[in-house]
Undergrad: 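Below you'll find the structure I mean.
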Amino acid sequence: QVQLVESGGGLVQAGGSLRLSCAASGGTFSSYTMGWFRQAPGKEREFVARISRTGFTTSYADSLKGRFTISRDNAKNTVYLQMNSLKLDDTAAYYCAAASGVSGSYYSQSTYDSWGQGTQVTVSS
């Protein structure tokens, strides 16, 4: 499995922006579909975004489309999540995930083989 380490989380005011990074090692980064998930206290982990191996295709949770942007730099083995117009409900631990298979739903946690430890994003009023 590829090892994933998220960074870039922190405290930000509502309406602000934040960019998360996920550094990958121990695998061939370009062979993985990459995704972001998040989990708020007391809630289930939910899909945020995913990006294809080449970066050509991206998908987002409906509620986040237009505010969040996922991207990747295969030369740097890194995937990013740009978060704009942050809301209080965006407060959560954000997790990077990698999927090695070609089947499965991109929005399902079970599709992903490797997970990072998470980085906390807290949005304040």
Side-chain angles (χ1 to χ4, degrees):
Q1 292 184 322
V2 63
Q3 288 73 53
L4 306 173
V5 179
E6 304 95 333
S7 62
L11 178 65
V12 62
Q13 280 196 324
S17 298
L18 207 60
R19 189 178 78 157
L20 307 182
S21 298
C22 174
S25 62
T28 304
F29 182 69
S30 60
S31 69
Y32 293 93
T33 294
M34 301 298 298
W36 285 97
F37 289 75
R38 68 184 185 183
Q39 186 169 22
K43 298 182 67 177
E44 297 292 322
R45 189 171 299 185
E46 64 177 349
F47 169 75
V48 173
R50 70 101 182 186
I51 189 166
S52 64
R53 292 164 175 79
T54 63
F56 185 75
T57 304
T58 58
S59 302
Y60 301 90
D62 289 341
S63 63
L64 304 179
K65 188 174 296 183
R67 295 195 298 119
F68 287 16
T69 303
I70 189 171
S71 62
R72 68 191 296 163
D73 187 339
N74 286 351
K76 296 182 178 180
N77 291 352
T78 303
V79 63
Y80 305 94
L81 183 68
Q82 178 67 45
M83 305 184 294
N84 298 327
S85 301
L86 285 163
K87 303 175 180 179
L88 293 179
D89 287 348
D90 294 323
T91 295
Y94 283 73
Y95 296 88
C96 178
S100 60
V102 297
S103 63
S105 300
Y106 61 80
Y107 51 81
S108 175
Q109 295 180 55
S110 63
T111 301
Y112 297 83
D113 307 301
S114 302
W115 294 81
Q117 84 291 343
T119 185
Q120 180 67 38
V121 173
T122 302
V123 183
S124 64
S125 300

Undergrad: Which heavy atom in Y94 sits nearest to a heavy atom in D90, and how many Å separate them?
TA: OH-O, 2.6 Å
Undergrad: Throw together a table of side-chain donor-acceptor distances under 3.5 angstrom for residues 8-32, partners on residues two or more places apart or in other chains.
TA:
residue	atom	partner	partner atom	Å
S17	OG	N84	OD1	2.9
S31	OG	T28	O	2.6

Undergrad: Taking all atoms of both residues into account, what is the closest heavy-atom pair of G35 and Y112, and its distance?
TA: N-CE2, 3.7 Å
Undergrad: Please give me the minimum heavy-atom distance between C96 and V79, naming the atom from each residue.
TA: SG-CG1, 3.6 Å
Undergrad: Taking atom CE of M34 and atom CG of N77, what is their separation to the nearest 0.5 Å?
TA: 9.5 Å
Undergrad: So Y95 and E6, side-chain contact (heavy atoms from CB on, under 4.5 Å) or not? Walk me through it.
TA: CA-CA 7 Å; Y95 296 88; E6 304 95 333; 3.9 Å; yes
Undergrad: According to a 4.5 Å side-chain heavy-atom criterion applied to Ile, Leu, Val, Met, Phe, Trp and Tyr, with indirect links allowed, do I51 and F37 form part of one hydrophobic cluster?
TA: no
Undergrad: Taking all atoms of both residues into account, what is the closest heavy-atom pair of L64 and V48, and its distance?
TA: CD1-CG1, 3.5 Å
Undergrad: Kindly indicate, with the supporting measurements, whether the criterion side-chain contact (heavy atoms from CB on, under 4.5 Å) is fulfilled by V121 and R38.
TA: CA-CA 9 Å; V121 173; R38 68 184 185 183; over 6 Å; no
Undergrad: Indicate the atoms forming the closest heavy-atom contact of A40 with A92, along with that distance.
TA: N-CB, 3.8 Å
Undergrad: Output all residues satisfying salt bridge (Lys or Arg N to Asp or Glu O under 4.0 Å) with R45, sequence neighbours left out; order by chain, then residue number.
TA: none
Undergrad: Is the backbone N or O of D73 less than 3.5 Å from a side-chain atom of T78, with the two atoms forming a donor-acceptor pair by type?
TA: no
Undergrad: Heavy atoms, side chains only, cut-off 4.5 Å: are T111 and Y106 in contact?
TA: no
Undergrad: Answer yes if L88 and L86 sit in the same cluster of Ile, Leu, Val, Met, Phe, Trp and Tyr residues linked by side chain heavy atoms under 4.5 Å apart, and no otherwise.
TA: yes
Undergrad: Parallel, tilted or perpendicular: which describes the rings of Y107 and F47, with under 30° parallel and over 60° perpendicular?
TA: perpendicular
Undergrad: Does W36 form a side-chain contact (heavy atoms from CB on, under 4.5 Å) with F68? I'd like the steps, not just the answer.
TA: CA-CA 11 Å; W36 285 97; F68 287 16; over 6 Å; no
Undergrad: Please round to the nearest 0.5 Å and tell me the distance separating atom CD of Q120 and atom CD of Q39.
TA: 10.5 Å
Undergrad: Report yes or no: does R72 contribute a side-chain atom to a donor-acceptor pair with the main-chain N or O of G55 at less than 3.5 Å?
TA: no
Undergrad: Can you give me the closest heavy-atom contact between A98 and V2, atom names plus distance?
TA: CB-CG1, 3.6 Å
Undergrad: Using atom types as modelled and distance alone, determine if a side-chain donor or acceptor of R50 lies under 3.5 Å from a backbone N or O of T57.
TA: no
